[in-house]
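See below for the structure under consideration.
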Amino acid sequence: MNDADARAREADVAAAGASAAAEGTTMLLTGNHAVAWAARLARPKVVPVYPITPQTPILEKITEFHAAGEFDAEIITPESEHSVMAACIPASLAGVRVFTATASQGLLLMHELLHYASGARAPIVMANVNRTVASPWAFWPDQTDSLSQRDTGWVQFYSESAQESLDTVIQAFRIAEKLLLPVMINHDAFYVSHALEPVSVPAQSLVDAYLPEFAPAHRIDPEKPESWGNVVSAEMFCRHRRAIGEAMSQVPEVAIDADRAWNQLTGRGWGLVERYRCDGARTVIVTMGSMCGTARDAVDQMRDAGQAVGLLKVRLYRPLPVQALRAALAGVERVLVLDRNYSPGHGGVLHQELLAALYGMDEPPRVRGLLAGVGGVNVSPQRIAEYVREADEGKGAPSPESIWAR
């Protein structure tokens with residue numbers, strides 16, 4: 001096949017994809033391309049982006065849509081991720097829908113402006129591809145990049161699959177714009193970002209019906225002058241932080257409503273947490289992201305062998321859905337937390353936050369935290385089954401400290 005034939009074939013494939021999407025269809029997509037499709041369907045008006053492995057395919061797909069006349073947005077390519085977020089904030093404050101994507105060092109470079117975005121109550125939606133942070137330099141799945149941003153005031157979701165990433169990006173706009181909070185959707189490098197799977201892509205008309213037009217009451221408008229970022233008194237700053245806290249406290253309810261409405265339209269709902277084969281379970285594995293798929297296979301194998309084991313998948317991480325976690329783990333004897341991250345001097349972040357969430361429960365489960373998969377180390381279903389067996393045999397006693405897994 002010569003170059004002209006190859007280009008013609010690519011054009012035919014793109015046209016077929018566009019036609020199918022008009023009616024809603026199933027496509028074979030990577031997690032990153034699923035995110036790009038979600039961004040296209042959400043109709044943002046400004047999309048500042050900067051390439052960084054392994055996020056770059058999101059940017060590339062969006063620019064392909066734009067070049068084909070299928071994405072009506074201003075795509076901005078600043079000189080760094082810091083500048084990307086600096087472009088997102090004023091665009092959002094001007095009253096338009098904004099989307100961006102990043103990963104790893106790019107997210108860290110944005111750190112200063114992540115605080116500014118939440119403080120400005122800018123409902124930006126951002127996809128982050130979880131990747132190791134330097135140094136040393138590496139490109140493997142690890143959630144430390146986004147978890148280190150947990151105090152910036154951004155809502156955080158973690159998805160297990162390409163389908164969940166697509167659905168969550170669309171839901172995120174509804175949540176962000178209702179509460180005026182920025183939302184970050186995270187999926188693991190390569191396990192999700194580059195893996196192909198069938199993805200149900202909804203029709204544009206369905207997403208248009210689901211997402212109301214973004215028309216904030218306050219925005220930068222020459223006809224109605226307002227200002228952002230002025231110096232304030234200590235009391236005013238405190239009130240402002242409390243207001244952000246009040247908005248955060250509404251996230252679980254608003255997220256449940258957004259998920260329920262999406263389920264009614266598509267037949268797919270994800271919840272704040274997911275209980276998988278937890279009925280009658282003595283031991284429950286708790287984890288986030290792509291590790292949930294591996295743990296699901298391990299649970300099936302152990303159940304087939306007669307072991308009473310379940311999985312609790314955490315989808316919404318910030319704000320942590322404390323009541324949902326307590327309800328899901330009530331009556332469970334043991335909990336095994338698997339963290340694909342490491343906070344030096346603190347341990348596994350999900351482990352430590354779960355301990356705090358369960359504090360004060362009547363007869364709480366005994367919790368053990370394992371640092372498993374840090375830096376992208378492969379964790380097989382067989383290895384997870386070994387972790388559970390050790391806990392059941394009393395070899396892995398509950399501990400407030402996170403333990404490095406073998």
Side-chain angles (χ1 to χ4, degrees), residues 38-50 62-63 65-66 69-102 110 112-127 152-155 169-184 204-205 207-251 254-255 257-258 261:
R40 167 179 165 170
L41 291 165
R43 298 186 189 272
K45 288 300 181 185
V46 178
V47 181
V49 280
Y50 188 89
I62 285 175
T63 54
F65 289 150
H66 188 264
E70 300 164 348
F71 194 76
D72 182 19
E74 184 75 22
I75 296 180
I76 305 171
T77 53
E79 72 277 7
S80 73
E81 291 88 352
H82 186 279
S83 297
V84 162
M85 189 52 58
C88 288
I89 295 167
S92 182
L93 295 181
V96 298
R97 186 166 287 163
V98 177
F99 173 80
T100 190
T102 191
M110 290 180 178
E112 172 195 2
L113 291 170
L114 297 183
H115 284 281
Y116 200 103
S118 62
R121 305 300 294 273
I124 300 159
V125 171
M126 175 167 62
T152 57
W154 283 63
V155 177
V169 167
I170 294 171
Q171 291 183 16
F173 281 103
R174 184 157 164 155
I175 297 164
E177 292 166 9
K178 183 175 181 63
L179 295 175
L180 297 181
L181 290 171
V183 179
M184 185 188 307
Q204 183 66 67
S205 58
V207 179
D208 289 344
Y210 176 79
L211 285 181
E213 182 180 353
F214 180 43
H218 299 280
R219 62 187 180 91
I220 297 173
D221 184 350
E223 300 299 321
K224 298 178 181 179
E226 296 186 14
S227 63
W228 274 265
N230 290 333
V231 176
V232 297
S233 68
E235 289 76 13
M236 290 178 67
F237 189 91
C238 184
R239 288 202 303 271
H240 187 76
R241 301 303 287 178
R242 288 186 64 177
I244 293 174
E246 290 168 3
M248 272 286 183
S249 70
Q250 298 176 54
V251 168
V254 172
D257 289 343

For this session: Report yes if the side chains of Phe71 and Pro44 come closer than 4.5 Å at any heavy-atom pair, otherwise no.
Result: yes
Seminar exercise, completed: Shortest non-hydrogen pair, Val84 vs Pro48, comes out as CG1-O, 3.4 Å
Problem set entry | Contact summary for Ala176 and Pro123, nearest pair of heavy atoms | O-CB, 3.3 Å
Exercise. Residues in ring pair (Phe, Tyr, Trp, His ring centres under 6.0 Å) with Tyr116, at least two apart?
Worked result: none
Problem set entry | Minimal non-hydrogen separation, Ala120 against Leu93, with atom names | O-CD2, 3.5 Å
Problem set entry | Smallest separation among heavy atoms of Ala39 and Val169, with atom names | N-CG1, 4.3 Å
Exercise. Which residues pass the side-chain hydrogen bond (donor to acceptor under 3.5 Å, both in side chains) test with Ser227, sequence neighbours left out?
Worked result: Asn230
Seminar exercise, completed: Phe65 meets the ring pair (Phe, Tyr, Trp, His ring centres under 6.0 Å) criterion, sequence neighbours left out, with Trp37
For this session: Would you mind reporting whether Val183 and Gln171 have side-chain heavy atoms less than 4.5 Å apart?
Result: no
Exercise. What pairs with Ser249 under side-chain contact (heavy atoms from CB on, under 4.5 Å), at least two apart in sequence or on another chain?
Worked result: none
Exercise. What's the shortest heavy-atom distance between Ile175 and Val254, and which atoms?
Worked result: CA-CG1, 4.1 Å
Problem set entry | Which residues share a side-chain contact (heavy atoms from CB on, under 4.5 Å) with Ala91, sequence neighbours left out | Val46, Val96, Val98
Exercise. Residues two or more places apart in sequence or in another chain: which of them pass side-chain contact (heavy atoms from CB on, under 4.5 Å) with Val232?
Worked result: Met236, Phe237
Problem set entry | Residue pairs involving residues 79-101 (criterion salt bridge (Lys or Arg N to Asp or Glu O under 4.0 Å); sequence neighbours excluded) | Arg97-Glu177
For this session: Sequence neighbours left out, what passes side-chain hydrogen bond (donor to acceptor under 3.5 Å, both in side chains) with Glu74? Give chain and number order.
Result: none
Seminar exercise, completed: Tightest non-hydrogen contact, residues Val155 and Met248, listed as N-CE, 3.7 Å
Problem set entry | salt bridge (Lys or Arg N to Asp or Glu O under 4.0 Å): pairs with one or both residues in residues 214-230, sequence neighbours excluded | Arg219-Asp221
Problem set entry | Min side-chain heavy-atom separation Glu235-Cys238 under 4.5 Å | no
Problem set entry | Ile244: side-chain contact (heavy atoms from CB on, under 4.5 Å) partners, not counting sequence neighbours | Arg121, Leu181, His240, Arg241
Exercise. Quick one: side-chain hydrogen bond (donor to acceptor under 3.5 Å, both in side chains) partners of Asp208, sequence neighbours excluded?
Worked result: Arg43, Gln204
For this session: Go through Phe214 and Phe173 one step at a time and tell me if the side chain to side chain contact (heavy atoms under 4.5 Å, CB included) criterion holds.
Result: CA-CA 9 Å; Phe214 180 43; Phe173 281 103; over 6 Å; no
